[in-house]
Amino acid sequence: MSLKFQAARALRAVAWRIERPRRRRRRQAGPPLDAGPLTSPDSAPGSRKASWFFEDFPRFYLSSSTAPTTARLNLRYEAMFGENRDIFAGASVLDLASHDGRWSLAALATGARSVVGIEARPELVKAATENLGEYGYGADRASFVSGDVHEVLNTQDLKADVVVCLGFLYHTLRYNELLTGIRRTGARYLIIDTFSPHMMGPVPNVNVLTEDADEEGKAAADTYTEGQSVLVGRPNLAAIRIMLGAYGYRVERLSDWAGLLRDNPGTENCDDYANERRITIRCVSSQSSPA
Ligand SMILES: C[S@@+](CC[C@H](N)C(=O)[O-])C[C@H]1O[C@@H](n2cnc3c(N)ncnc32)[C@H](O)[C@@H]1O
C-alpha cells in the first residue's frame, strides 16, 4: 500500500470520527423541518385515540359518496383539525374544494370564527349549505362559493388566516394559479392533505394523469378541459416543498398518522395513510416569525 494511499485513509478515518458525533446529535434532534420525511410517531402510545368527531355530525356519513366511511372521516379529522387546534381558534378559514361542507363544519367546530368554502359542483355547494345550516351555522359563519378554485381565488378578494386544501392537490395541474391564489389570501397557515404514489421519494416528482370530470369526487371540468378529460398531477412531498417555497410557504410538520393508526387499530380504509402515500402537511408562511 503506497504512503499516499495510507495517508488518505488515515485522513478519512479522522474525518469520520469528527463527523460521527455530529450525525448522532442531528438524529437526536430529529430531522430538519424542511428536509427529510417527518413520519415516525412522535406521540406517546395511547395519546392519539380518535375523538370520533363526526358521531355528532352524522349527516356527513350520508351526504357524499366520496370517502365517507366512518373510520376514515374521523381519523382524517384528528390529523387535519384535532392536531392543529391552535391555528383554528378564532381564525377565518378558506376551504378549497369544500365538497359537502364536512371540513368547513370541522373548522368551525374546532374554533374557527368563520369559513368560506369554494366548490366547483353546484349540487355539493347546495349540500354543504344545507349540512351547515342543519348544524346551526348560518351565512354569518359559513358561506360557499360555486366555481373553479383557481378562478375564484384569483378574481375574488378572499382573505383568510388559514387555508385548507384537503383532497384537492391531486385534482389539478394548475399549481402556479393555485399557490398565487392562496398567497393572495394572506393566510399564515395552510393545511394540505394529499396523495402521491411516490410521496416520500427523495426526488421531486409529479405523476401526470387524466381524470374524468363526470365523477363526483374527481377534478371538475375547467377552462382548459377538452371533453371530459381533465389533466391533473400528483406531486410528492419533495415537489410540494419546492412549490411552497416558490410562493413563500414552508412545511412546518406532518401530522402523526403513524400514531393515529397505532392507537386506533383495526381502522379500515386508511391504507394510503398507513403506507405513507397520503399525508397531512401543516405549512406556514415563511414570513411568519417562529411561534
Ligand atoms: C376528493 S374530493 C375532496 C373533498 C374534501 N375536500 C375532502 O378532502 O374530503 C375533491 C373535491 O374537489 C372538487 N373539485 C374538483 N375540481 C375542482 C375545481 N377545479 N374547483 C373547485 N372544486 C373542485 C370536487 O367537486 C370534490 O368536491
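The structure presented is a predicted model; accordingly, all values stated were derived computationally and were not measured. No hydrogens, no waters, no symmetry mates; every other heavy atom, side chains included, goes into these values. We count ligands from 1, going down the list as the structure has it; atoms in each ligand are counted the same way.
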Sequence neighbours excluded, the answer for side chain to side chain donor-acceptor pair (under 3.5 Å) partners of E177 is R174
Note to self: For a quick check under 3.5 Å, do R234 and T194 share a side-chain donor-acceptor pair by atom type?
What the structure shows: no
**Study point:** Any N/O pair S98/ligand 1 closer than 3.5 Å
**Key:** no
Polar contacts were defined as any N/O atom of the residue lying under 3.5 Å from an N/O atom of the ligand; does this apply to I118 and ligand 1?
no
- Short N/O distance, under 3.5 Å, between D95 and ligand 1? no
4.0 Å heavy-atom contact, K218 with ligand 1: yes
Here the atoms of ligand 1 under 4.0 Å from any heavy atom belonging to R76 are 7 (C), 8 (O), 9 (O)
Sorted by chain and number, sequence neighbours left out, side chain to side chain contact (heavy atoms under 4.5 Å, CB included) with A220 holds for A120, R121
For G217, the atoms of ligand 1 under 4.0 Å from one of its heavy atoms are 1 (C), 2 (S), 10 (C)
What I want to know is whether A219 and ligand 1 share at least one N or O pair that is separated by under 3.5 angstrom. no
Could R282 and D86 be called an ion pair, given the rule that one side-chain N must be under 4.0 Å from one carboxylate O?
yes
Counting heavy atoms under 4.0 Å, the part of L124 that contacts ligand 1 is side chain
Within 45° cone and under 6.0 Å: R102 NZ/CZ vs F54 ring:
no
Could you check whether R48 pairs with E78 (Lys NZ or Arg NE/NH1/NH2 to Asp/Glu carboxylate O, under 4.0 Å)?
no
**Item:** Electrostatic pair R72:D271 at N-O distance under 4.0 angstrom
**Value:** no
inquiry  = Under 3.5 Å between any N/O of V149 and any N/O of ligand 1: does that happen in this structure?
reply    = yes
Nitrogen or oxygen of H171 less than 3.5 angstrom from that of ligand 1:
no
| said: Is there a polar contact between ligand 1 and R102, counting only N or O atoms under 3.5 Å apart? | reply: yes
For G147, the ligand 1 atoms with a heavy-atom partner under 4.0 Å come out as 20 (N), 21 (C)
Does L166 reach ligand 1 with a nitrogen or oxygen that is under 3.5 Å from one of the ligand's nitrogen or oxygen atoms? yes
Here the atoms of ligand 1 under 4.0 Å from any heavy atom belonging to G167 are 1 (C), 2 (S), 3 (C), 8 (O), 10 (C)
Atoms of ligand 1 under 4.0 Å from any heavy atom of R121, numbered from 1 in the order shown, are 24 (C), 25 (O)
From the list V145, D161, L153, V164, side-chain contact (heavy atoms from CB on, under 4.5 Å) with L94 holds only for L153
_Looking at K218 and D212, is there a salt bridge between them, counting it only when a charged N and a carboxylate O are closer than 4.0 Å?_
no
- Item | Distance-only N or O hit between ligand 1 and A97, under 3.5 Å | yes
S63 and D100 side chains, donor-acceptor separation under 3.5 Å
yes
In ligand 1, the atoms that come under 4.0 Å of a heavy atom of W103 are 5 (C), 6 (N), 7 (C), 8 (O), 9 (O)
